[in-house]
Every structure is written in C-alpha cells, then in structure tokens.
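What follows is a single structure, written as structure tokens, with notes after it.
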2 protein chains.
Amino acid sequence: MSSLAEVARRAGVSKATASRALSGAAHVSPAAKERVAAAAAELGYVVSSTAASLVTGRTKNVGVITPFINRWFFAEVLEGIEGALIKAGYDLTLFRLPSEPEQRSRLFHYFLVRKRVDAIVCVGVELAPSEVQLIQALRRPAVGIGGAIPGITTMCIDDEQASRLATRHLIGLGHTRIVHVGGDLDAQLDFHVHARRLAGFRAALDDAGIEHPDDFRPTTFSVPGGYEAAMALLADPESRPTAIVAGCDEIAIGAITAARQLGIVVPSGLSVVGIDDHPYAAMFGLTTVRQRPGEQGEQAVDLVMRAMTDVDADLPPRAIDIPIDLVVRTSTTAPPPS
Amino acid sequence: MSSLAEVARRAGVSKATASRALSGAAHVSPAAKERVAAAAAELGYVVSSTAASLVTGRTKNVGVITPFINRWFFAEVLEGIEGALIKAGYDLTLFRLPSEPEQRSRLFHYFLVRKRVDAIVCVGVELAPSEVQLIQALRRPAVGIGGAIPGITTMCIDDEQASRLATRHLIGLGHTRIVHVGGDLDAQLDFHVHARRLAGFRAALDDAGIEHPDDFRPTTFSVPGGYEAAMALLADPESRPTAIVAGCDEIAIGAITAARQLGIVVPSGLSVVGIDDHPYAAMFGLTTVRQRPGEQGEQAVDLVMRAMTDVDADLPPRAIDIPIDLVVRTSTTAPPPS
DNA sequence: TTGTATGCGTTATCAG
DNA sequence: CTGATAACGCATACAA
C-alpha cells in the first residue's frame, strides 16, 4: 500500500536514496540507511515487484512447463525446482502443458509470451521446432529436464543406459528369459523415454547373445498399468519369463503385486527390476536404477540462474548427463532351475 | 520486444486507440480495430503484463500455497486449480510452504507480499492467526482447501464424517474388532485431518456400542507407512483385528500389501477400507470413501474468480462442504467366523 | 469514435 | 554519498 515515496519522505531522504538503501545496491551512509529501514518497517513497506520489473526488465520469476503434476517423477522434479528457486528469491509460475494441441499452442502464444518470466524450465516435454523457436525468441535462458531438445540445454539420465544396467544385472544373475514391461511406444507424449528404455534392454540382451522374441509388453507408466500387463504376461506358467525389466518403478510394483496375487514368489519365482528408485521401492524390496529427480530440478535452476547472472554466459548447448546407479534390493535373484 | 507505441504507429492510430482495440474494452471503429490487429500480428506484439499490472493493479496471477507437491491429494488439487486458472487466463504462482518456521515466515513476509497475486488459494495448510492477518492485509480474496481456517473461506470434506462412513460400513458387515491405522497425531502439519478421522472412527464405534481398546495405530500417510504399521499390527494372529479403517488409501494399500505378505487373504481374512479413492484403489479392489480433490481445486478457483470480478461480492466466510461417497469394492466383507 | 496527457512505483542516469 | 529527473509500457480520464 505504501510507496517508496512515503518511505523516503518519512526518512527525510529522496526516493533515490531510499531505493538504494533498501536494495543495498549502491553506497548509502549508514545513518541514512538506518532511517530508511526504520521508516520502511514502520510503514510495512514492500517493493512493488511489478514496478521494479517494468524498469529493470527482470521479474524474479521463472516459468516451469510440465505435462503432469501428479506423477512421481514430475512432482519430484517440481519440488526440487521450487526449493532452489525460493532459495534464490524467485517465484515459480507453473504451466501444465495441455495435451490438446489447441490449448498447448495457447500456452505458448498467450501465457509464455507475457514477459513475465526471466527463464524457463521444461520438464519432460518434447518441444516441436516451432515451439523451440518461440522460446528462443523470448531471449530468456531455458533448460529442459528429461530428454534432449535440439536447441535447448537439457539435463537427463541416459535412459538407454539405465535399462541396460537393469537388464545386465539380471543377465549377470543368470536370467535368459526376460521381458520388458514398459511404456507404450505410441503414448510417449514426453520424450522417447519408452523407446529408449526398450532399446537399452534389447541392447543388453544382444550384447549377451541372448535371443529375445516376444520380449516387450507395452502398458501405461503406472502401478495399475504394470499390474495389468503382468497379470496377462504371467498367467501362463509355460511361457512365463523368469525376470521382468520394468520401464519404471511404478510398473515394477504393479508387476510384483500381480505376481503375488498369482502365487508367484518374488524373487525366487520371478525377478523384477525397475527404474527410478521411487519412495515405495524400498518397501517392495525393489531392485532398481536410481535417478534423483529432485536434484535434476535443482541443477536446472542452477543452470538458468548462472545464465541469468553471469554476463550472458551462454548455456552449454549439449545435453548434460545425470548420474544413475543400480540399487540392489531383494526383488532379484538367480532364476529358478528349469 | 515491440511496444504498443510501435503497433499504434504502424496502424496509424494513437496509443490509446491501439490499446482499446487490443483489449476490446471500449468502442473502436471496425476499420481501426482491423488495422491495429494486423499491425500487432505483423510485429508479434504482446502486452507487457508488468506494465499493465502497474497501472491496473491487477496481475492476472493467483498464488497457491501448499505444503506438498508430491502427495496425491495435493497434486490432484493443484491440477484442478491449474486447469481452472489457465482457462480463465490466469497464471499460477506456486509456493510450497516450508516446514521450517523461519522459511515459512519468509514465504509470508517476502514472497506473498510482493503484490504479484490477485488472489490466494491455500491447500492443506493450517494458518496461524498472524498469517491469516497477513493475508487479509493483502486485501485479496483468499480461499482454503482441506480444512477450516478461521477468517478465511475454506472448502473441505467432513473428515469425521468420512471415517465414520467407512467405519459404519464395516460395522454393518458385522465387524467388531476394528483398528484405525491413521496419521500420527503429532505430525499433522496440515489440518487436524488425522485427529478428525480418528474421532469419526471412534464415534462410529461408540454409536454402535462397540468397545474399542487399543484401537489406533499411528503411522505416516503413505503406502510404506501403512505397510509397516500393518505388519506390526497383523503379526500376531491372536490379537489381530478383523478389519482396518485406514486414514487414507495409501495407508490402506500398504496394509493390504502387508496382509498379503503375511498370507492373510483380503477380504476373507481381513477387511480394509480407505479414504480418498486414489487412482490405485481400483486395482487393489479397495473399498473407500471418495473425495474429488481436483474438483475442490476447480471450485476454489471459481470462488476467488467470483470474488475478484463481481463487485467485491465478499466470499462466504463459512466453510463449504464437499460431498463424499462410499465406493464399495472387494476389500471388505463380513468377518470370518471366530 | 479518437487523441492527449497523466500517472502507476520503481530503478538508473546523471549532476552535484 | 545524495538528489533531481527521466524512463519503463501501458491504461484511462478527459477533451475534442
């Protein structure tokens, strides 16, 4: 309510010094600084960020675009971003990317363009070239998380490597009849995660010289998805694999649940390995490949922050790899003697 | 990049008419409107929302405060809010309420006060009186979701009623040895949901004249929480209850998982009922009390929108009840003959 | 219907 | 170290 002018008057200084005293940018005599601070406190003064933005051109606000809020990976990344942003004094404007093309375009042409964000973080979104252009036209630093976007700095795990790691672990235990229960290839609105995880799985089998006909069951990236796919897959004891590489932990958990329901003991009757290290993984004893989405979010913020402060130190155009590691628990063991 | 002035010049009109033509607020001759629109399109013009905010005092932006992003209920509410906001042309600024008091206070005194939001939605946050005052001092409409906040319009389900409904269902099936596995009473940073659900549970037993010593197992509101508590609770076949009322579906799912692991068949050996209707509930056949968090979010947005547009039609101070209903699936049945 | 002029609350650029 | 003063980009009251 109260403006800088009032504070200045009360402190007996000009608006300019009041501004300087409060922002701490320039040198102000301790006495003046003191008086301004007191006046501001008494009046309950707080800067109008809109006014400040108007003149500085910076909003202290970054936009985050994500297709989902309600999925573990995305929510986790979001939390990481939010924490890092708050720490830096920035607001976070959240945009959920709609699946309908029309609304999606509205997001880009209406919301994103309002000059309200100093930077953009895209999580798990694959951007069309035209969309990338649009973002670049904003002349604001942008980074992606979850997969490579040509033209934009992105950070992600090597999905192919992740599933290869998981598969190798099973092969190392002696498994040869392994099936990948992963994301539907047609339904990857996000990156080609599904395809890449499938590819890594197959590469590992190829590397080991293992045949793999009928090696893939597509489903949705969720516990129920894994449950249903596993129910179908495991129904016939004859054709049943000895191990499953799940596309993510949620699928793995669904598969374990299905196995239990069918009376199959995990891991002696069936080994299951996931990808993510979901908070529920430990409870299910799930062996998995850990990625830390929260940290990915924090790092993304670091990146845009640096790009904003450092004299336009351009972002590295290359994708940045996030480390992953295998967490062995109790859902995997050697296959049963056939 | 391009300003209103440039558009005006290109269209051969004044800034004022250009502004009017674009906002559509006042009457502009069709010809002029046409020319302005064309000029704007050619230049790729888009309003500077900061400049507009500075003069109008409205930001087209609402703040959302929530303690968690990564929990089903909260994420779901958030999605509902986001969708409704986007539809109305508003941005959503997300604030995660930190658990540390110091940072929490920073949120209120630094972030919230920057005059950047036209309204506030608090989800699952219990506000201290001083915090309520602070929000009221902003003179912006505010609504809460998830529990009553004195002084602020809130929408929530009747938690006591929800667990009473769940408990009555079990009693109706003939159960008398029922335990509530719910949220820890010390750990309810959000509302007193835990306590209220426990109270409803006990009230239902009292109503039916059923004794209930040792009727409560506190745990965390999560699948692993339910799992661990149920593992301990069900270990001893002698003292085992015939039914569990879970504080939420996640706990219920953890409990079902634990039961299965212990060889207890659900529901013939143990009935379990939850609260929420979590997306995983169906897969576990979980009988539960449904609440629709997404709709709660949408309704909250409706409310603040109305308060913002309608000539300061004040928000109803009373809490608004959200309907709930019992969804009977396959996790509940009559108790086994003792 | 249109144009002119003013102000929104800051920060930044100068002199002093 | 401090004080005028000019932007920043837009919306609106008022006059035409």
Side-chain angles (χ1 to χ4, degrees), chain A residues 1-37 39-40 43-61 89 91 110 113-118 138-140 308-309, chain B residues 1-37 39-40 43-61 89 110 113-118 138-139:
Chain A
M1 242 33 192
S2 54
S3 68
L4 183 63
E6 301 178 45
V7 175
R9 196 183 326 135
R10 193 183 188 98
V13 298
S14 71
K15 288 197 301 179
T17 32
S19 172
R20 284 188 284 246
L22 290 170
S23 69
H27 286 262
V28 178
S29 73
K33 187 175 274 178
E34 180 82 9
R35 288 212 311 283
V36 171
L43 290 159
Y45 169 78
V46 26
V47 244
S48 159
S49 56
T50 44
S53 295
L54 186 56
V55 43
T56 60
R58 336 175 77 263
T59 60
K60 285 264 189 182
N61 183 55
D91 281 354
Y110 176 61
V113 180
R114 290 204 254 179
K115 299 164 188 167
R116 290 215 217 181
V117 295
D118 291 343
L138 297 176
R139 308 216 142 281
R140 300 260 180 277
M308 291 171 53
T309 56
Chain B
M1 239 39 191
S2 54
S3 67
L4 182 63
E6 301 179 45
V7 175
R9 194 182 328 135
R10 192 182 189 98
V13 299
S14 71
K15 290 197 300 179
T17 30
S19 171
R20 286 187 281 246
L22 291 170
S23 70
H27 286 259
V28 179
S29 72
K33 187 176 277 180
E34 180 83 10
R35 288 213 310 285
V36 171
L43 290 161
Y45 169 79
V46 25
V47 242
S48 159
S49 56
T50 44
S53 295
L54 186 57
V55 43
T56 60
R58 337 175 77 263
T59 61
K60 285 263 189 185
N61 183 54
Y110 177 62
V113 178
R114 291 205 255 180
K115 299 164 187 166
R116 290 217 217 179
V117 295
D118 291 343
L138 297 177
R139 308 217 141 281

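The basis for the numbers below is simple: all heavy atoms, side chains too, and nothing from hydrogens, waters or symmetry mates.
- Residue contacts for B:L4: at a heavy-atom cut-off of 4.0 Å it reaches the sugar-phosphate backbone alone, with no base atom in range.
- Distance, B:R116 CZ to C:dT10 P: 13 Å, rounded to whole Å.
- For B:V55, whose side chain is taken as the heavy atoms from C-beta onward, the closest listed nucleotide among D:dT2, C:dG3, D:dG9 is D:dG9.
- Closest to the side chain of A:S48, from the set C:dG9, D:dA11, C:dT2, is C:dG9.
- The backbone N or O of A:S53 lies less than 3.5 Å from no partner atom in the side chain of A:T59, so there is not a single donor-acceptor pair.
- For A:R114, the salt bridge (charged side-chain N to carboxylate O under 4.0 Å, His left out) criterion is met by B:D91, not counting sequence neighbours.
- Whole-Å rounding puts the A:R9 CZ to D:dT2 P distance at 19 Å.
- Whole-Å rounding puts the B:L43 CG to D:dG9 P distance at 14 Å.
- An OP1 or OP2 oxygen of C:dT2 is reached within less than 4.0 angstrom by a side-chain nitrogen or oxygen of B:S29.
- Nearer the 5' end of DNA chain C, as judged by each residue's closest nucleotide, is the contact made by B:A32, out of B:A32 and A:A52.
- One can place CG of A:L54 at 13 Å from C1' of D:dA6, the figure rounded to the nearest angstrom.
- B:D118 contributes no side-chain N or O that, together with a main-chain N or O of B:R58, makes up a donor-acceptor pair within less than 3.5 Å.
- The stretch residues 10-18 of chain B touches DNA chain D through B:K15, B:A16, each having a heavy atom under 4.0 angstrom from the strand.
- No donor-acceptor pair closer than 3.5 Å links the side chain of A:T50 to the backbone N or O of B:L54.
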Next on the checklist: Please evaluate residues B:V47 and B:L22 with respect to the criterion side-chain contact (heavy atoms from CB on, under 4.5 Å), reporting the C-alpha separation (whole Å), side-chain torsions for both, the decisive distance (0.1 Å), and the verdict.
Outcome noted: CA-CA 9 Å; B:V47 242; B:L22 291 170; over 6 Å; no
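- For the pair A:E6 CD and C:dT10 P, the interatomic distance rounds to 9 Å; values are reported in whole Å.
- Evaluation of the side-chain contact (heavy atoms from CB on, under 4.5 Å) rule for B:S23 yields B:A25 as partners, not counting sequence neighbours.
- For B:H27, whose side chain is taken as the heavy atoms from C-beta onward, the closest listed nucleotide among C:dC14, C:dT10, C:dT1 is C:dT1.
- The NZ atom of A:K33 sits 12 Å away from the C1' atom of D:dC1 (whole-angstrom rounding).
- The side chain of A:R20 lies closest to C:dC14 when the candidates are D:dG9, C:dT10, C:dC14.
- The interatomic distance linking A:K115 (NZ) with D:dC8 (C1') rounds to 11 Å, in whole Å.
- Side-chain N/O atoms of A:S14 and A:T17 include a donor and acceptor closer than 3.5 Å.
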